[in-house]
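I have placed the structure first, in the form of structure tokens, so that the comments after it can refer back to it.
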Amino acid sequence: MNYAQIVLPLNLKGSFTYKVPEELQTGIQTGMRVLVPFGGKKIYTGIVFELHNNAPETFVAKEVISLLDDQPIVPQEQIKFWNWLSDYYLCGLGEIYRFAFPSSLKLESETYLKLKPNVKVDFENLDVNEMYLIQALEVRQLINLTDIEAFIPKKDIIKTVNSLIDLQYIEIDEKIAEKYRAKEIAYVKINDEVLQRQNITEILLSLKRAQKQKDLFLHILEKQTENPDLPIKKSELFEDGYFGSSHFKALADKNLVEEYYMQKDRIESYEGEIEEIEELSEAQKEAKNEVDEAFEEGKNVLLHGVTSSGKTHIYLEKIEECISEGKNVLFLLPEISLTKQITQRLEKKYGRQLGFYHQKLTDFERVEVWRRIRQNDIKVLIGTRNSLFLPFQNVGLVIVDEEHDSAYRPREVSPYFNAKDAALVFGNFYGAKVILGSATPSVESYYNARKDKMKYVFLEERFGNVNLPEYELINFKEAQESKKVSGNFSLQLIDEIKKVVEEKNQAIVLHNRRGYANVVECETCGYVNYCSNCDVVMTYHKAANEMKCHYCGQRASKPKVCPKCHSENLNERGVGVEQIHEEVSKLFPDQEVDRMDVDSMRKKFAYEKLYEKIEDRETDIVVGTQMISKGLDFDHIELVAIPKADSLLYVQDFRAEERAYQLITQVSGRAGRVSGKGKVLIQTFNPDHSVFQLIKMNSPAKIYKYILTERQKFHYPPFTKLIMIELKHRREDKANRASQFLGSILRKYLPEDCVLGPEKAQIARLNNFYQFQIMLKLPKGKKYEEYKKRVLASLKEFDEITAYHSIRKDVFVDF
DNA sequence: AGCACGCCGACT
DNA sequence: GTCGGCGTGCTC
């Protein structure tokens, strides 16, 4: 194979063709990393995606400089997966590559060069540049491509480096190119020989004048005898400050103890005992059998288990089965912070063979996980959506927990994809089974499972037969009319909270809106405080005493007088969680009331501290945003109150009802987990609203039926496919014209009713970019593929207009 | 995405 | 006269 298609870590379409020099032809394989020159002076680490013999006709291909791997780093399954993502989500392979790889595995021009050892350079036949480079290397040994710029013209760098590599004078320094070195950790042990030669009493006697050394020796000895297989970290000895390193050194000098080094994974892994998991309940056994059946039929599963039904138990059983068959497991979570329960249980069971991968790891830590996965050293990997790109060898099971969670498809990071859907395809490529699990499955997954695309498994009862919480609707309008309210709380709601806290139980108050007040408005002239970067009113945060833009993060001080008319009549409108917190604190002055939202949890360990406080029942009432719907599994929460439930529904989004149902159900799941007497109070102006009524009935089947009917009526997913195209530019007219133009092209290729817009985005200006949106509502099935091709053609036609190249364009498939 | 090239305004 | 602003075009 003479030519290779190489994917580069750039936001460019497709791959680039390079010539494979003869000496590399035997070693090169798809999925390996290579160094290639690109543009005048850059060297990139690319991935070989394809090998072929078709010489390009329109350009001269450059040559691959060198191979960085002797085995493919991207397995075949991943190559298929990347190609699928790129096709399906209309994104570039380069984008995927950038997202998938830790940065130290894809370095750019920081590549270092060195002289080959023992070469005689024939200066006669070198040109000036080559001579300069050799001379520089003789002085400095290692040189970076950026450094070379100092003495060789940029456009000649690649040529010079290539020719010197060809002449075998210089080479790429792989060790530094790999940036990463496994970290070694010091461990200690008693010198083996000493134990054979002398008895303990003799040793202790010899140490009788050095109390601390004696203590330290005994301490190490004790640990070592207690658990001979558990290595003792040197750093552990000095933790409590009783021993110092001098004491250890003295013992080491006397040859009584020794230290040794072991490569230690940067990721801390569990080193304690391994425990068996508990037995499944009847309902769980039944559900597990259904999962087994589905897998035998070759079907994936949607595991719909009500809150506290113990989905985790079933996961654990399946994980264990999968591992006993010699295959590995990928366990996906929306955010790594909510891993507590599952992690603890898996750690006990799988100890060191458990790995973690998520956005919060450092680059070194990521590479470590990559290495371990490649060496098949990890049996269960728990991670967020980016774990889908690890170089797995043989995955047998993929679990997507909390599959409905929107963190699986953040809109801000490219490439845009939904990890839940991608996981199904990933599983297919790996020949692995997939379980999507949730207490409130997404409407799409529910529909697919009901349409027999997946097997639907319903776990209807809570573990231990504990009752689900009871829902009650409070008509706030009526309460207001009969004057039975205090601020945003009806007296009934206050009473119910009182009852719970008087019994020393805990209550949760949900209000899903950050800040104190939505708007600060001048009563005299109507002035409101807009963000200077976005078309958004700024939210007043009382705790921080500032105005914040929730979209670009800009802060401003709160105006004391209206900046426009200097009136002092400033009015706060729109209730935020801070205000609800303030109200609750005033209503319950003797109770400990805490707030949980992104703003109050920003400080280091704030979340952990509050978590412990709630766990220890120091907190009586927690007021919070949707954050409180996740991970707070405590035994004494008996009440969930939602004072302004309507605010959950009135959002401009066809998924608003689904979201409201999910959020309310998820928060409700925190109540009465043990007692079975949990209560949920939904205070609303519209107690007759179908969503509230259906939630009250506690029948998921009915609520999904309702939402699906609505979706069908208005042609929304899962009955259609949505593609949203967003165009942004600093200048409004340009963004507007470009989107009008794209709209007209799309209308040329697609039926009129498929194209909606362009329209100003809901936030017309964000971070100083004006945004316009075009929504495509496409039919499902065979026609979809056809239509998507036309969309692609339209985008291509659009791209041909050079004047619009400066327009930022994002395409969201399955919006 | 980066980077070069090229064309215009404000400075030593 | 030159430095540097960003619009445009190209990268195998």
Side-chain angles (χ1 to χ4, degrees), chain A residues 1-21 24-25 28 30 32-68 82 86 89-101 103 105-111 144-150 152-159 161-162 412-416 727-735 737-738 741 767-770 795-811:
Chain A
M1 299 290 187
N2 292 324
Y3 292 93
Q5 290 308 120
I6 310 287
V7 173
L8 297 175
L10 300 170
N11 198 359
L12 291 170
K13 286 203 185 83
S15 54
F16 293 85
T17 312
Y18 283 85
K19 201 167 179 342
V20 184
L24 298 182
Q25 280 182 16
I28 200 164
T30 55
M32 284 181 172
R33 289 176 305 155
V34 289
L35 283 184
V36 292
F38 189 76
K41 51 166 265 202
K42 278 233 148 192
I43 289 188
Y44 284 108
T45 309
I47 310 279
V48 183
F49 249 59
E50 209 190 314
L51 291 163
H52 58 84
N53 276 319
N54 314 321
E57 285 166 12
T58 50
F59 55 88
V60 184
K62 288 187 184 166
E63 282 196 356
V64 171
I65 301 173
S66 67
L67 289 178
L68 289 181
W82 291 26
S86 164
Y89 288 104
L90 307 176
C91 61
L93 285 169
E95 267 177 283
I96 299 172
Y97 172 30
R98 280 157 67 109
F99 183 80
F101 267 60
S103 47
L105 290 180
K106 54 172 178 357
L107 347 145
E108 303 172 10
S109 298
E110 277 131 45
T111 317
N144 176 316
L145 284 184
T146 342
D147 301 337
I148 299 176
E149 278 180 34
I152 298 181
K154 284 178 186 173
K155 61 177 185 342
D156 295 333
I157 292 178
I158 299 297
K159 208 183 96 208
V161 170
N162 273 340
E412 301 73 29
V413 265
S414 92
Y416 175 84
L727 298 113
K728 305 173 197 179
H729 198 269
R730 280 181 191 281
R731 278 171 42 208
E732 189 176 11
D733 57 324
K734 197 156 185 179
R737 255 184 294 126
F741 178 64
N767 252 321
N768 284 321
F769 277 86
Y770 289 89
L795 291 170
K796 218 175 139 197
E797 203 172 311
F798 177 83
D799 284 341
E800 277 163 21
I801 310 297
T802 53
Y804 292 146
H805 280 182
S806 58
I807 302 268
R808 276 241 299 268
K809 185 175 77 230
D810 292 305
V811 182

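By convention in this document, chain letters (A, B, ...) are assigned in the order of the sequence lines, proteins followed by strands, and residues within each chain are numbered from 1.
- By the 30° and 60° cut-offs, the orientation of the rings of A:F101 relative to A:W82 is perpendicular.
- For the pair A:K13 NZ and C:dG9 P, the interatomic distance rounds to 15 Å; values are reported in whole Å.
- Here the C1' atom of nucleotide C:dG5 and the CZ atom of A:R730 are 14 Å apart, to the nearest Å.
- Rounded to an integer number of Å, the gap from A:I43 CD1 to C:dC12 P is 12 Å.
- Rounded to whole Å, atom C1' of B:dA1 lies 15 Å from atom CG of A:L93.
- Rounded to whole angstrom, the span from the CG atom of A:L12 across to the C1' atom of C:dG9 amounts to 13 Å.
- Cation-pi geometry between A:R808 and A:F769 is met: the NZ or CZ atom falls under 6.0 Å from the ring centre, inside 45° of the normal.
- Among the protein residues, A:Y18 comes within range of the sugar-phosphate backbone only, with heavy atoms under 4.0 Å from sugar or phosphate atoms but none that close to a base.
- To the nearest angstrom, P of C:dC12 lies 18 Å from CD of A:E57.
- A straight line from CG of A:L10 to P of C:dC12 spans 10 Å, rounded to a whole angstrom.
- Side-chain atoms of A:Q25 come within 3.5 Å of backbone N or O of A:V20 as a donor-acceptor pair.
- Contact check, A:T802 against C:dT8: no side-chain N or O comes under 4.0 Å of OP1 or OP2.
- In this structure, A:F38 atom CZ and C:dC10 atom C1' are separated by 8 Å, rounded to whole Å.
- Contact detail for A:L24 and A:S66: the closest heavy-atom pair is CD1-CA, 4.0 Å.
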